[in-house]
Amino acid sequence: MRAFAFTSYGRNAKGTMCDIPEPRIDSDEVLVEMHAASVNPIDFKVRNGDLRFLISRNFPLVLGSDGAGVVKDIGKDVTRFKPGDQVYFRIPKNQDGTFAEFTRIPEFALAMAPTKISLVDSAALPLVSLTSIQALFELADLQPGQRVFIPAGSGGIGSHAIQIAKRKGLFVATSTSSRNIQWVASLGADQVLDYTKIDPATHLKNFDAVYDTLGGREQTRMFQVLKPGGILVSIVGPPTSQTARELGLGRFKSFVLALVARSAQQAAKQAGVRYEFLFMRPDGKQLADLASWVDSGFVRPIIDRRYSLEETGQALAYVSEGRAQGKVLIQIRG
């Protein structure tokens with residue numbers, strides 16, 4: 001099958017089109033003919049080798065973490081899907097990616113795709129939506145009426161997290177540049193700050209949660225936004241020892257990650273708040289719920305651009321610029 005793959009790690013690594021064997025499925029897996037995949041920040045971390053400590057991957061390295069397509073074959077123990085079904089999914093973290101003509105997925109990670117949007121467009125949803133659901137309603141355990149700050153509201157994660165948060169009854173504040181203010185407000189955000197004119201860290205107060213998608217210095221400053229006992233959930237690090245335990249990495253790696261996360265956790269403690277890191281997991285049941293929200297009109301995919309499989313390198317370069325409004329798709333069929 002055709003795939004876009006890398007032969008080495010590195011920020012300057014160049015992927016190429018190549019022919020690799022079609023995946024062979026186990027008894028609990030489904031083989032999917034890919035129609036589209038989406039580009040996500042984790043693709044750069046995997047390509048750069050930043051996640052080698054946490055995730056082992058083989059070469060040629062096929063990136064891509066989620067997508068949508070049509071079931072081609074099923075393992076003997078699969079009961080919920082059949083050939084011809086239109087599905088969408090987030091693959092497990094140690095598995096070959098979705099920038100290819102076919103991929104294999106465990107049955108538990110699959111869901112039937114929404115029916116009111118195209119199969120290609122549904123590929124924009126799995127990773128960003130699962131991440132947001134698990135960050136906001138599992139780790140942060142937010143309830144209707146509570147207040148969350150979601151920075152970078154025009155990005156791939158922010159534009160979908162806003163919709164999901166509003167679907168669940170939260171008060172949502174977000175930030176974006178001047179040119180995107182009205183567009184981001186149309187997604188349902190209650191308060192939209194122009195970060196070129198207003199500093200969210202000093203303007204916002206007494207929020208129940210921050211959904212951190214920026215990291216770095218901004219992460220620590222966001223503790224100021226929280227009320228006492230509030231929580232910052234980060235998807236950009238640093239990971240914690242809990243992450244190591246969830247990934248089954250063993251005692252030594254758990255110890256190393258605990259050291260790495262110590263500064264963030266101590267800063268949170270000094271501010272009287274909590275810090276948690278989320279390493280999202282595939283979840284077909286949550287995707288099934290999401291599909292019903294999409295079909296009911298509560299959530300819609302936000303798509304900036306579409307590229308062909310052969311143009312995957314261009315798509316990665318565009319997303320790396322940090323200017324995409326919503327998601328960027330790799331359209332493989334359809």
Side-chain angles (χ1 to χ4, degrees), residues 40-42 45 51 54-55 65-66 90 92-93 108-109 125-153 155-158 160-174 204 206-216 218-249 254 257-258 260-269 271-287 289-290 293 299:
N40 296 283
I42 194 172
K45 294 182 180 181
L51 299 181
L54 300 178
I55 304 173
S65 300
D66 59 354
R90 200 289 193 209
K93 299 174 180 66
F108 75 84
L125 294 168
L127 186 144
V128 293
S129 300
L130 287 176
T131 303
S132 300
I133 290 168
Q134 292 169 23
L136 299 176
F137 306 110
E138 290 185 358
L139 268 184
D141 192 26
L142 294 176
Q143 304 299 317
Q146 289 191 293
R147 293 151 54 86
V148 62
F149 173 51
I150 303 174
I157 293 178
H160 294 85
I162 290 169
Q163 297 181 73
I164 290 169
K166 292 307 299 178
R167 169 68 182 89
K168 298 285 281 185
L170 302 184
F171 176 96
V172 177
T174 189
L204 300 176
N206 295 316
F207 274 67
D208 298 283
V210 171
Y211 181 19
D212 172 39
T213 61
L214 300 176
E218 288 302 309
Q219 180 186 89
T220 303
R221 296 182 71 246
M222 288 303 107
F223 292 145
Q224 302 174 55
V225 171
L226 296 167
K227 69 181 185 181
I231 182 172
L232 182 145
V233 179
S234 178
I235 60 172
V236 288
T240 65
S241 57
Q242 177 63 28
T243 307
R245 288 191 290 272
E246 291 172 357
L247 295 175
L249 297 182
S254 296
L257 291 185
V260 172
R262 179 176 295 176
S263 60
Q265 292 177 322
Q266 287 181 338
K269 185 177 181 179
V273 300
R274 292 186 293 144
Y275 168 83
E276 296 287 349
F277 176 80
L278 174 71
F279 214 89
M280 183 270 292
R281 70 181 188 281
D283 192 315
K285 184 180 183 303
Q286 289 180 344
L287 286 179
D289 292 339
L290 175 68
W293 299 351
V299 177

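For the single chain, residues carry numbers from 1 onward in sequence order.
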Inset, instruction - Measure the spacing between CG of Asp283 and CD1 of Ile133 and express it to the nearest 0.5 Å. - result: 8.5 Å

Legend entry - Value rounded to 0.5 Å, distance of CG in Leu136 from CD1 in Ile231: 10.5 Å

Inset, instruction - Test Thr240 against Gln265 for side-chain hydrogen bond (donor to acceptor under 3.5 Å, both in side chains), laying out the working first. - result: CA-CA 9 Å; Thr240 65; Gln265 292 177 322; 5.1 Å; no

Inset, instruction - Would you mind telling me which of Val273, Val225, Asp212, Thr220 makes a side chain to side chain contact (heavy atoms under 4.5 Å, CB included) with Leu232? - result: Asp212

Inset, instruction - Before giving the answer on side chain to side chain contact (heavy atoms under 4.5 Å, CB included), spell out for Thr131 and Tyr211 the whole-Å C-alpha distance, their side-chain angles and the decisive distance to 0.1 Å. - result: CA-CA 10 Å; Thr131 303; Tyr211 181 19; 3.2 Å; yes

Legend entry - Trp293 vs Lys168, side chain to side chain contact (heavy atoms under 4.5 Å, CB included): CA-CA, chis, key distance, verdict: CA-CA 11 Å; Trp293 299 351; Lys168 298 285 281 185; 4.1 Å; yes

Legend entry - Arg90 versus Pro282, closest heavy-atom pair with distance: O-CB, 3.2 Å

Inset, instruction - Could you check Leu204 against Val210 for side chain to side chain contact (heavy atoms under 4.5 Å, CB included), going step by step and ending with a plain yes or no? - result: CA-CA 11 Å; Leu204 300 176; Val210 171; over 6 Å; no

Inset, instruction - Could you tell me whether a side-chain N or O of Tyr275 sits under 3.5 Å from a main-chain N or O of Pro238, the two making a donor and an acceptor? - result: yes

Legend entry - Shortest non-hydrogen contact between Phe171 and Phe207, atoms and distance: CE2-CZ, 4.1 Å

Legend entry - Pairwise distance CD1(Ile150) to CD1(Ile157) - rounded to 0.5 angstrom: 10.5 Å

Inset, instruction - Could you list the residues that satisfy side-chain contact (heavy atoms from CB on, under 4.5 Å) with Ser129, not counting sequence neighbours? - result: Leu125, Ile164, Leu290

Inset, instruction - Take His160 and Ser132 through the test side chain to side chain contact (heavy atoms under 4.5 Å, CB included) and record every step on the way to the result. - result: CA-CA 8 Å; His160 294 85; Ser132 300; 5.5 Å; no

Legend entry - Expected output: side-chain Asn206 to main-chain Lys227 donor-acceptor under 3.5 Å: no

Inset, instruction - Measure the shortest side-chain to side-chain distance between Val128 and Asn40 over non-hydrogen atoms and say whether it is less than 4.5 angstrom. - result: yes

Legend entry - salt bridge (charged side-chain N to carboxylate O under 4.0 Å, His left out) partners for Asp141, two or more places apart: none

Inset, instruction - Mark yes or no for whether Gln134, through its side chain, and Arg281, through its backbone, hold a donor-acceptor pair below 3.5 Å. - result: yes

Inset, instruction - Looking only at non-hydrogen atoms, find the nearest pair between Ala267 and Phe223 and report the distance. - result: CB-CE1, 3.8 Å

Legend entry - Residues forming a salt bridge (charged side-chain N to carboxylate O under 4.0 Å, His left out) with Lys166, sequence neighbours excluded: Asp190

Legend entry - Side-chain touch Lys93/Ser65, heavy atoms, less than 4.5 angstrom: no

Inset, instruction - Could you tell me whether the side chain of Ile235 reaches within less than 4.5 Å of the side chain of Met280, counting heavy atoms only? - result: no

Inset, instruction - Identify the two heavy atoms, one from Leu287 and one from Ala109, that lie closest to each other, and give their separation to 0.1 Å. - result: CD1-O, 3.8 Å

Legend entry - Residue pair Gln219 / Ala264: nearest heavy atoms and the distance that separates them: OE1-CB, 3.9 Å

Legend entry - Heavy-atom side-chain contact between Glu138 and Gln286 under 4.5 Å: yes

Legend entry - Smallest separation among heavy atoms of Ala165 and Val172, with atom names: CB-CG2, 3.5 Å

